[in-house]
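Notes for the one structure printed next.
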There are 2 protein chains.
Amino acid sequence: MTASPASPAETDWLHLDRQICFSLHAASRAFNGVYRVILKDLGLTYPQYLVMLVLWEQGDLPVKKLGEHLRLDSGTLSPLVKRLEGAGLVRRERSAQDERSVRVMLTEEGDALRERALQVPRRIMRATGFDLGEIADLRERLDQLTTALDAAALAEAEREAG
Amino acid sequence: MTASPASPAETDWLHLDRQICFSLHAASRAFNGVYRVILKDLGLTYPQYLVMLVLWEQGDLPVKKLGEHLRLDSGTLSPLVKRLEGAGLVRRERSAQDERSVRVMLTEEGDALRERALQVPRRIMRATGFDLGEIADLRERLDQLTTALDAAALAEAEREAG
DNA sequence: CACAATTCAGTTGCGCACAACTAAATGGGT
DNA sequence: ACCCATTTAGTTGTGCGCAACTGAATTGTG
């Protein structure tokens, strides 16, 4: 078999793919792991923390809007919000104007948790070992990747349907 | 509380954190989504594909070694491998030398699937819109991140225990 | 040799992600 | 006014990830 330095041989693509998807998969889980440890103090999981961050920043929101901010659907959010409600951090209230809509509102306790959460981001930053610039750069790449991937997934899905 | 213009005010950290963890979370799910669509042809999920990639590359392996390659424990791997076995892609065989160990081996069908999987990496590459160099660069950053995060999670866990 | 500690696979329980579905409320078109 | 498509939450089922545990086999130590 001859060497092909320009583009990898057919077979090597799988090896490459293994490296790439493993890296992202592992990074995501590692991130999740650090958040899990740090958030244990607050009694939150990582996705629950994401929901709380949105509520602290945006104020009360209907489930639908929450889902748009986080790209999560009701299948994920409904039980998650229910657990936050069980923890006393959040109330749910069906809208009077539109009875389909359910507004998720911070309780006093949920609002108070924000103070304790203020320490989280710096502990995460320290854990990454990255500075602000590196994080911003990584974030930009990831967002770029996400945009491209979402578009591609849509195209693939349509290729199948249409 | 005095203002500190050099670094963001206490409150802004949460906003920043929201952006960062959302970006990684979203990228991971977007990646997963593209793989899901593309792998549907092969009848594999994304983590199942990862396992198959390792087996195609390394040959038969005990569950333990599989877990080391993928950083997954038996709680995740046992049922996953069982499903691969159910799909006829893999056999499990308890080692004669060490009866604790279970060897995961490709069936003929599992080995044959490799041919059809060869098309996957390039479809993924196309979906990302990145070239080889950009992907390699991103991969390097992610690995760097994972290493730092794993070390930090360990340190946090030890801080708690000790 | 005997006994304790360790290793390995598997199970259970919980939470998340997502597809597919249900049910109720709303809004538009005729 | 009526019907129908759409919107919004929620439920169900499947699979992954991880912690905590069980049970069997192996290894190390006295």
Side-chain angles (χ1 to χ4, degrees), chain A residues 21-22 25-37 39-40 43-51 61-68 70-87 92-104 150 153 157 160-161, chain B residues 21-22 25-37 39-40 43-51 61-68 70-87 92-104 150 153 157 160-161:
Chain A
C21 51
F22 171 72
H25 203 61
S28 171
R29 284 186 294 129
F31 232 97
N32 209 305
V34 172
Y35 271 105
R36 182 185 356 248
V37 173
L39 291 174
K40 196 157 55 172
L44 293 175
T45 67
Y46 183 41
Q48 286 166 10
Y49 174 64
L50 288 176
V51 168
L61 286 176
V63 173
K64 172 71 175 177
K65 288 286 176 191
L66 254 181
E68 284 170 9
L70 298 168
R71 294 209 212 193
L72 291 171
D73 65 1
S74 66
T76 299
L77 282 177
S78 285
L80 191 159
V81 170
K82 224 173 198 172
R83 279 185 285 272
L84 287 178
E85 192 182 28
R92 283 184 305 161
E93 205 165 280
R94 207 160 270 278
S95 162
Q97 288 78 34
D98 186 342
E99 297 246 339
R100 291 171 303 180
S101 176
V102 169
R103 201 161 189 77
V104 181
D150 279 351
E160 221 160 279
Chain B
C21 50
F22 172 72
H25 203 61
S28 171
R29 284 186 294 132
F31 232 95
N32 209 306
V34 171
Y35 271 105
R36 187 187 351 266
V37 173
L39 290 174
K40 195 158 55 173
L44 293 175
T45 66
Y46 182 42
Q48 286 166 11
Y49 174 65
L50 288 175
V51 168
L61 286 176
V63 173
K64 170 74 175 178
K65 288 283 178 194
L66 255 181
E68 283 170 10
L70 299 167
R71 294 208 211 194
L72 291 171
D73 66 1
S74 65
T76 300
L77 282 177
S78 285
L80 192 159
V81 169
K82 222 173 199 174
R83 280 186 284 272
L84 287 178
E85 191 182 31
R92 284 183 305 162
E93 205 166 280
R94 208 159 269 278
S95 163
Q97 288 76 34
D98 185 342
E99 297 244 338
R100 292 170 303 179
S101 175
V102 170
R103 203 164 188 76
V104 181
D150 279 351
E160 223 161 278

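Order of the sequence lines fixes the chain letters, A, B, ..., with proteins taken first and strands second; residue numbering starts at 1 for each chain.
- Counting to the nearest Å, the P atom of C:dG15 and the CG atom of A:Leu72 are 17 Å from each other.
- Atoms CG (A:Leu39) and P (D:dC18) sit 15 Å apart, rounded to a whole Å.
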How does protein reach along nucleotides 2-10 of chain D, written 5' to 3' as B (base within reach of a heavy atom under 4.0 Å), S (only sugar-phosphate), or - (no contact)? -----BSBB
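- A:Glu99 meets the side-chain contact (heavy atoms from CB on, under 4.5 Å) test with no other residue; sequence neighbours excluded.
- Listed by chain and number, the residues in a salt bridge (charged side-chain N to carboxylate O under 4.0 Å, His left out) with A:Lys65 are A:Glu68 (sequence neighbours excluded).
- When the C1' atom of D:dG15 is taken as reference, atom CG of B:Leu84 falls 12 Å away, rounded to whole Å.
- Ring planes of B:Tyr46 and A:His25: perpendicular class, angle over 60° (limits at 30 and 60°).
- When rounded to the nearest whole Å, the span between NZ of A:Lys40 and P of C:dG15 equals 15 Å.
- Judged by closest nucleotide on DNA chain D, A:Pro79 is the one of A:Asn32 and A:Pro79 placed further toward the 5' end.
- Note: NE2 (A:His25) to P (D:dG17) measures 4 Å, nearest angstrom.
- Residues meeting the side-chain contact (heavy atoms from CB on, under 4.5 Å) test with B:Ser28, sequence neighbours left out: A:Ser28.
- Shown here are the salt bridge (charged side-chain N to carboxylate O under 4.0 Å, His left out) partners of B:Glu85, two or more places apart in sequence or in another chain: B:Arg92.
- With rounding to whole Å, B:Asp73 atom CG is found 12 Å from C:dT11 atom C1'.
- Residues that satisfy the salt bridge (charged side-chain N to carboxylate O under 4.0 Å, His left out) test with B:Asp73, not counting sequence neighbours, are absent from this structure.
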